Amino acid sequence: MSAETQLRDKLCLLAGSMFDRGLTAGSSGNISVRTEDGGLLVSPTGTSFGRLDPARLSRFDAAGHHIDGDKPTKEMPLHSAFYETRSRTAAVVHLHSCHAVALSTLPQTDEDDFLPPITPYALMQLGRVKLLPYFRPGDPTMGDAVRGLAGRRSAVMLANHGPVVAGLDLEAACNAIEELEATARLAMLLRGTTPQMLSPQQVAELVRIHEVAWGEA
């Protein structure tokens, strides 16, 4: 079995796992991964994470040309922006996960630091998550908004839409976006209470030890 065949199977397996656990529904969400030759494998437009076919994934070459497979997701500008601005990115995942979307609609949410410091895990895997404004699905200016961050964030939250996470490999990206949704769920559960968050000193220690992306943009 070739490395690309294994990667195709792994992408579909991880996407199916997220679908089965309710992290995205219907034909929502999209996922991409860098291939050994510098190209991309991308989930096709209008497909369900629960029913992806490894043989029909959209295939791009290293120059960004669509060379094989079904038509790619209309959210390619999001994926391309992360690959262009964060050179170590090897995978990008975008979900329409319920709690993250709900949190993005609340007026008290911090645009520069979308997730409150409830546990260390989201900080370690995501750094600071930037809340971006609402964009129509497929709007290419979403990519411009990500490029405007100049690679300083590995994750963004699109208001009223869903999170997008770039990772150093496919599993890392999937794990990180799942942690984003779990933390958003905790934040929603704690609304109206006065929980003890991680202190600035504890956050700073995590940032230092784990070399966390903590861009100010």
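Any value given below was found using the heavy atoms of this structure, including those in side chains, with hydrogens, waters and symmetry copies removed. Nothing here was measured: the structure is a model prediction, and the numbers come from that model.
For the pair Asp112 and Lys130, the minimum side-chain heavy-atom distance is below 4.5 Å. Using a 4.5 Å heavy-atom threshold, the side chains of Leu40 and Tyr83 count as touching. Side-chain atoms of Val164 and Leu158, non-hydrogen and from C-beta on, do get closer than 4.5 Å to each other. Arg34 is not listed as a side-chain neighbour of Leu170, based on a closest heavy-atom distance of 4.5 Å or more. Using a 4.5 Å cut-off on side-chain heavy atoms (C-beta onward), Ser154 and Leu168 make no contact. Annotation: side chain of Asp9 is in contact with side chain of Met1 (closest heavy-atom distance under 4.5 Å). Thr47 has its side chain out of reach of Arg56: every pair of non-hydrogen atoms, C-beta onward, lies at least 4.5 Å apart. Leu189 places none of its side-chain heavy atoms less than 4.5 Å from the side chain of His99.
A donor-acceptor pair under 3.5 Å is absent between the side-chain atoms of Glu75 and the main chain of Pro137, judged by distance alone. The closest donor-acceptor contact from the side chain of Ser58 to the backbone of Asp70 lies under 3.5 Å. Side-chain N or O atoms of Ser27 include none that pairs as donor or acceptor with a backbone N or O of Ser48 at under 3.5 Å. Panel note: side chain Ser2, backbone Thr5; a donor-acceptor pair is recorded below 3.5 Å.
The two atoms that bring Val93 and Ala173 nearest to each other are CG2-CB, 3.8 Å, heavy atoms only. For the residue pair Pro163 and Ile177, the shortest heavy atom distance occurs at O-CD1, 3.7 Å. When all heavy atoms of Gly127 and Val212 are compared, the pair lying nearest together is CA-CG1, 3.1 Å. Closest of all the heavy-atom pairs between Thr119 and Glu179 is OG1-OE2, 4.4 Å. Nearest heavy-atom pair across Ser28 and His96 is CB-ND1, 3.1 Å. Nearest heavy-atom pair, Pro120 versus Leu198, reported as atom, atom and distance to 0.1 Å: N-CD1, 3.8 Å.
Between the side chains of Ser17 and Arg21, a donor-acceptor pair is found at a separation under 3.5 Å. Checked by atom type, the side-chain pair His79/His94 shows no donor-acceptor distance below 3.5 Å.
In this structure, CG on Leu11 lies 7.5 Å from SG on Cys174, to the nearest 0.5 angstrom. Separating the CG atom in Leu13 from the CG atom in Leu52 is a distance of 11.0 Å, to the nearest 0.5 Å. Residue Thr45 holds its OG1 atom at 11.5 Å from CE of Met76, rounded to the nearest 0.5 Å. To the nearest 0.5 Å, atom CZ of residue Arg153 and atom CZ of residue Arg86 are 10.5 Å apart. Arg59 CZ to Asp37 CG: the interatomic distance, rounded to the nearest 0.5 Å, is 4.0 Å. In this structure, the separation between CD1 on Ile118 and CG on Leu186 is 5.0 Å, given to the nearest 0.5 Å.
Between Arg128 and Asp110, no side-chain nitrogen of the basic residue sits less than 4.0 Å from a carboxylate oxygen of the acidic one, so the salt-bridge criterion is not met.
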Quick one, Leu106 with Met188, criterion side chain to side chain contact (heavy atoms under 4.5 Å, CB included). Give me CA distance, side-chain angles, the key distance, then yes/no.
CA-CA 10 Å; Leu106 300 181; Met188 294 296 294; 3.8 Å; yes
Verdict with reasoning, His210 to Leu123, per side chain to side chain contact (heavy atoms under 4.5 Å, CB included)
CA-CA 9 Å; His210 296 278; Leu123 290 168; over 6 Å; no
Any chance you could lay out the side chain to side chain contact (heavy atoms under 4.5 Å, CB included) test for Leu149 and Thr85, step after step, and finish with the verdict?
CA-CA 8 Å; Leu149 300 175; Thr85 59; over 6 Å; no
Kindly determine whether Tyr121 and Thr183 satisfy side chain to side chain contact (heavy atoms under 4.5 Å, CB included), including the steps that lead there.
CA-CA 9 Å; Tyr121 310 109; Thr183 303; over 6 Å; no
Tell me, with the steps shown, if Arg8 and Glu4 meet salt bridge (charged side-chain N to carboxylate O under 4.0 Å, His left out).
CA-CA 6 Å; Arg8 287 172 177 268; Glu4 181 169 321; 3.1 Å; yes
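Residue Gln108 qualifies as enclosed at atom CD: its count of foreign heavy atoms under 6.0 Å is above 12. Residue-environment remark: CD (Gln6) exceeds the threshold of 12 foreign heavy atoms within 6.0 Å. The 12-atom threshold is not exceeded at CZ of Arg88, counting heavy atoms of other residues, nucleotides or ligands nearer than 6.0 Å. Applying the 6.0 Å contact sphere to CZ of Arg147 captures more than 12 heavy atoms from other residues, nucleotides or ligands.
Side-chain heavy atoms closer than 4.5 Å link hydrophobic residues (I, L, V, M, F, W, Y) into clusters, and following such links, even through other members, never connects Ile31 to Phe60. When hydrophobic clusters are built by joining Ile, Leu, Val, Met, Phe, Trp and Tyr residues whose side-chain heavy atoms come closer than 4.5 Å, directly or via intermediates, Met18 is not grouped with Leu78. Linking ILVMFWY residues whenever their side-chain heavy atoms come closer than 4.5 Å, directly or via other members, places Phe19 and Leu41 in the same cluster. Both Leu103 and Val101 belong to a common hydrophobic cluster when Ile, Leu, Val, Met, Phe, Trp and Tyr are linked at side-chain heavy-atom distances under 4.5 angstrom. Each of Val146 and Val33 belongs to its own hydrophobic cluster when Ile, Leu, Val, Met, Phe, Trp and Tyr are linked at side-chain heavy-atom distances under 4.5 angstrom.
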